[in-house]
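Input: a single structure, listed below in C-alpha cells.
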There are 2 protein chains.
Amino acid sequence: MHKYTGQERFLLAADCIIFGFDGANIKLLLIHRGLEPMKDHWSLMGGFVQKNETPDEAANRVLEDLTGLKNVYMEQLHVFGAPDRDPVERTLSIAYFALIDIHKYEKQLTHEHHAEWFELNELPELIFDHNEMVKMAKKQLRYKAALHPILFQLLPEKFTIPQLQALYEGIYQSKLDDRNFSRKLLSTGLLIKLPEKEKLSSKKGAFYYKLDQSNYLENFEAFLNFIPNPDRFFKD
Amino acid sequence: MHKYTGQERFLLAADCIIFGFDGANIKLLLIHRGLEPMKDHWSLMGGFVQKNETPDEAANRVLEDLTGLKNVYMEQLHVFGAPDRDPVERTLSIAYFALIDIHKYEKQLTHEHHAEWFELNELPELIFDHNEMVKMAKKQLRYKAALHPILFQLLPEKFTIPQLQALYEGIYQSKLDDRNFSRKLLSTGLLIKLPEKEKLSSKKGAFYYKLDQSNYLENFEAFLNFIPNPDRFFKD
DNA sequence: TCAAAAGTGTTACAACTACACCCATGG
DNA sequence: CCATGGGTGTAGTTGTAACACTTTTGA
C-alpha cells in the first residue's frame, strides 16, 4: 500500500481568502466556527484535500460550498506548514485567494455556514495562522493588482469607470486622480463601452463598460501601472 | 493518535530548482537518479518533509545536502499536486527556487549526488512534473528579477557591473544598453564601489562593487525596471 | 437653478531610449 | 600603438502627474 516506506504523511487543507467588493469597500468572507476547537471564533473557509483531488480542486470545492460560485478567479498563495499551526493535529494548509463579485454569491449558503463579510480594516481575530494568511493575501492582492488587471474580477460584468476607481482607491487606501485614471484605463484597450448608463449613483449617469475578453487574456501580463510608486504599498 | 479521523494523509516533498551563474550562463543544478523508478533520468533535488519540519526547513535541508550552502536566497514557488504526478505513490511537492553563487557550492557534495549543472536551454528531460516546475521557476525568476534586486544573489560578494549586466542579458536573452544599464543600476543606491578592479576579463579592468546591505532590504520592494517592457518576458 | 458627479484637455516635468565618444591598459 | 572592453554625457522622445473647466440632470 505505502510504497515509500518510513515516511511521514500529513493532513492537507485548502483555505480560501475570499475577497469581495460591495461598491464602496473591499471585504473578506469569514465563517463563524460552530464546533470545537476554537468554537465561536472566526476563521477562513477551508477543507481537507481529498484522496483523488488536486489542491486546486479542493480550493474550488471549498469556495463553491460556501458561495455557490464556480469558475472564480483564484490563485495559490502559499503553503503554511508550521508544525504547531493546528493544535488538534499537524495539518499543512495551502492558502488560496479568490476574487468574487459579491453580488453573485448565494446568500443561503453563506448563511448555512454562518459566514459574514467583514471590511478589511475591521477584521476580527482569526484562528490558527489565518491572520497571517490574510495579511499575505492582502499584500499579494495589492502587488498583483498594481501590475495586472485582476480587479475586474471583483466587479459585475457591467461596471462603470468610477466604480472601478473606487475599487482601486479602496485597495490602495488612497485617492487617485480621476482624469489620469480613466485615461490610463481606456488606453489599455481592455474595455468596451456599452450604450447604457448607470444612473443610481449620480444624476448625470456613468457609462457602463465591459471587459474585452480577447484582449484581457493577451494583455494580462502587461503592466498597467495605475498606482504611482506601487512599491510603497508592498511593505506589508 | 489521529484526531481528524477519516481524512486522507499525504506524502509531502520539497523539490528545489537551483539556479547558478558561472559568469557567462545561467545554469540549473540537476541530479542523476541512481535508483528506480526512473533510474538514470535527471531530476530536481528533493526530499520528503519530515515529521517536525516546516516545508521551508525541508527545502533548506535538501539544498544544504546537495550544495553545503546555508542561508541561501530561496522562495516557495508552488505546490504541485496532481494525483498521478508520482507513479510510485501519491506525493505532493512544494517547489522552491533558490539562487546561489555557483562558486561557493561544495563540489564533493554535488559529486556524491551525481549532480551536474545544465544550461537553461540545454536541459534534459526531467522526471515526473519537474519540467513543469522548472518552466514555472524560470518564469518566476524573470518576473521577480524585473521588479526586485534578486539577481545579486547569484553573484559573489564582490562583482562588477559588466558581470551583472551579463547576468541580466542571460536571463532575458537580450542585449541591454551598457550606458543605460549602469546608470539605472547606480541610481538605485544599492551598490558600493570598491577600490579594487577585476582585471581578468578586460585590459582596463572593471571596478568591483558590493551590495549595500542596509539599503538592500529597504529597497527590495522598489521597482528597478531594468528591463524595458518586462511583460514580453512573462508570456511563458 | 443649483448641487453633484461624469467626462475631457493642456502643460510642465521626469524618465527612458538611443546614440557617440573618451579612457585605461596589456600585449 | 592599437585592440579591447570600461566608463560617461547628451539630446529627443515618451510617459506621467498636476491641474481647471464644461456637461448632464434630478431634485
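Each chain gets a letter, A, B and so on, in the order the sequences are listed, and its residues count up from 1.
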Can you check nucleotides 10-12 of chain C for protein contacts, nitrogen or oxygen pairs under 3.5 Å, and list what you find?
unit_1	atom_1	unit_2	atom_2	d
C:dT10	O4	A:R183	NH2	3.4

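Remark: aromatic rings of A:F159 and A:F152 are close, center separation under 6.0 Å.
Cation-pi geometry between B:K107 and B:Y105 is satisfied (NZ or CZ under 6.0 Å from the ring centre, within 45° of the ring normal).
By the neighbour-count criterion of 12 heavy atoms within 6.0 Å, atom CD of A:E119 is densely surrounded, having more than that number from other residues, nucleotides or ligands.
Note on A:R33 versus A:D40: no salt bridge recorded, every NZ/NE/NH1/NH2 to OD/OE distance being 4.0 Å or above. The residues A:K144 and A:E75 are annotated as salt-bridged, a charged nitrogen and a carboxylate oxygen being separated by less than 4.0 angstrom.
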Inset, instruction - List the protein contact pattern of nucleotides 22-27 of chain C with one symbol per nucleotide (5' to 3'): B for base contact, S for sugar-phosphate-only contact, - for none; contact means a heavy-atom distance under 4.0 Å. - result: -BBBB-
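The residue among A:D177 and A:S201 whose nearest nucleotide of DNA chain C is located toward the 5' end is A:S201.
In this structure, the nucleotide among D:dG7, C:dT8, C:dG7 sitting nearest to the side chain of A:A206 is C:dG7.
Here D:dA18 presents its P atom at 11 Å from CG of A:L176, a figure rounded to the nearest Å. Residue A:Y208 contributes atom OH, which lies 14 Å from atom C1' of C:dA6 at whole-angstrom precision. When rounded to the nearest whole Å, the span between CD of A:E198 and C1' of C:dA5 equals 11 Å.
B:T160 comes within 4.0 angstrom of no nucleic acid atom, judged by non-hydrogen atoms across all strands.
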